[in-house]
Protein chains: 2
Amino acid sequence: MQTKQNLDYKQQARLLRALANETRLKIIDALSRGEMHVGALAEATGAEQSSVSKHLAVLRAVGVVDDERRGNEVYYRLLTPCVVEFFSCALRVIKERQA
Amino acid sequence: MQTKQNLDYKQQARLLRALANETRLKIIDALSRGEMHVGALAEATGAEQSSVSKHLAVLRAVGVVDDERRGNEVYYRLLTPCVVEFFSCALRVIKERQA
DNA sequence: TCGCTATATGAGAATAATCGCATACTCTCA
DNA sequence: TGAGAGTATGCGATTATTCTCATATAGCGA
């Protein structure tokens with residue numbers, strides 16, 4: 001029998017994989033300061049539009065972001081701000097490693 | 001010029017990639033309850049010894065775990081307990097997504 | 001030293017992630 | 001309806017990740 005625990009590991013890994021990309025981290029960081037549309041995110045991250053669009057799809061698939069079309073543009077926002085807390089831990093780990 | 005920010009994204013992504021694997025999550029979870037040697041981790045995770053050993057190398061490379069040999073066995077322990085905090089957020093994201 | 005146990009490492013195959021380019025889709029406005 | 005802007009998607013090439021099996025290394029006790 002597949003335990004509930006195992007399912008959690010699978011889903012957690014899936015979420016972490018979604019976060020484990022430099023461009024997606026930049027996107028999340030940008031969105032942590034407020035919603036943005038795709039073009040602005042492309043500019044903010046320095047990545048191609050189609051690439052940003054794909055990264056956003058990954059983040060949306062795991063429920064980290066949300067999108068809303070307004071006219072021609074599609075605005076994205078961070079659904080789960082606690083994701084940003086990840087990074088304070090990440091920075092601590094990185095700092096400790098350097099020490 | 002490569003900014004400090006960009007380096008941070010790169011390192012954060014590296015750390016997240018190290019965490020983004022089901023078996024490694026199981027390992028971290030097991031270690032959060034106390035140090036364990038490789039064989040015990042293999043049994044706890046249900047993965048092969050050589051596989052566990054490689055996963056441990058990945059975690060060690062990013063500074064999340066530490067190892068110490070005692071006789072024939074090598075004991076691993078979690079260096080950065082805050083990593084476990086990741087998961088409360090992860091679970092929240094997953095729960096919110098299901099809602 | 002020899003045999004045994006525990007762990008680590010290497011090679012190769014299979015799978016997954018990423019990127020760039022081209023193109024399709026969607027909405028607005030004239 | 002047609003043009004143009006903004007966004008999404010499909011495809012192929014490249015690179016990264018993961019697994020398994022075989023082998024190497026390290027320490028133990030006889």
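Letters A, B, ... are given to chains in the order of the sequence lines, protein chains preceding strands, and every chain is numbered from 1.
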In this structure, how many angstroms lie between the P atom of D/dT17 and the CG atom of A/N21, rounded? 11 Å
Can you tell me how far P of D/dG6 sits from CD of A/E48, to the nearest Å? 16 Å
Using whole Å, report how far CD of A/E73 lies from C1' of C/dC27. 11 Å
Think B/H37 has a side-chain N or O under 4.0 angstrom from the OP1 or OP2 of C/dT7? yes
If I take atom CZ in residue A/R69 and atom P in nucleotide D/dA8, what distance separates them, rounded to the nearest angstrom? 7 Å
Between D/dT20 and B/K54, counting only base atoms on the nucleotide and side-chain atoms on the residue, is there a donor-acceptor pair under 3.5 Å? yes
Spacing of A/M36 atom CE relative to D/dT7 atom P, expressed in whole Å: 11 Å
Would you say D/dC19 has OP1 or OP2 under 4.0 Å from some side-chain N or O of B/S51? yes
Can you work out whether A/V58 or B/V38 has the more 5'-proximal nearest nucleotide on DNA chain C? B/V38
Looking at D/dA26, D/dG4, D/dA8, which one has an atom nearest to any side-chain atom of B/N72? D/dA26
Is any N or O donor-acceptor pair between the side chain of A/S50 and the base of C/dC21 shorter than 3.5 Å? yes
Give a yes/no on whether any side-chain N or O of B/H55 is located under 4.0 angstrom from OP1 or OP2 of D/dC19. yes
Rounded interatomic separation in angstrom, taking OH from B/Y75 and P from C/dT7: 8 Å
For a side chain to side chain donor-acceptor pair (under 3.5 Å) check, start with the C-alpha distance between A/R60 and A/Y76, then their side-chain angles and the critical distance, and finish with the verdict. CA-CA 9 Å; A/R60 192 178 40 214; A/Y76 281 82; 2.8 Å; yes
Under a 4.5 Å side-chain heavy-atom rule over Ile, Leu, Val, Met, Phe, Trp and Tyr, are A/I27 and A/L79 clustered together? no
Value in whole Å for how far the P atom of C/dA17 lies from CG of A/L19: 14 Å
Say whether A/Q11 and A/Y9, considering side chains only, have a donor N or O and an acceptor N or O under 3.5 Å apart. no
OP1 or OP2 of D/dC28 under 4.0 Å from side-chain N/O of B/R70: no
Rounded to the nearest angstrom, tell me the gap between atom CZ in A/R17 and atom P in C/dA17. 6 Å
Are any of A/Y76's side-chain N or O atoms less than 4.0 Å away from OP1 or OP2 of D/dG6? no
Can you list the steps and then say if A/H55 with A/N21 is a side chain to side chain contact (heavy atoms under 4.5 Å, CB included)? CA-CA 9 Å; A/H55 285 306; A/N21 173 278; 3.5 Å; yes
For B/V65 and B/T80, run side chain to side chain contact (heavy atoms under 4.5 Å, CB included): C-alpha distance rounded to whole Å, both residues' side-chain angles, the deciding distance at 0.1 Å, then the answer. CA-CA 7 Å; B/V65 303; B/T80 52; over 6 Å; no
So, under a plain 3.5 Å distance rule, would you say the side chain of A/Q49 forms a donor-acceptor pair with the base of D/dA8? yes
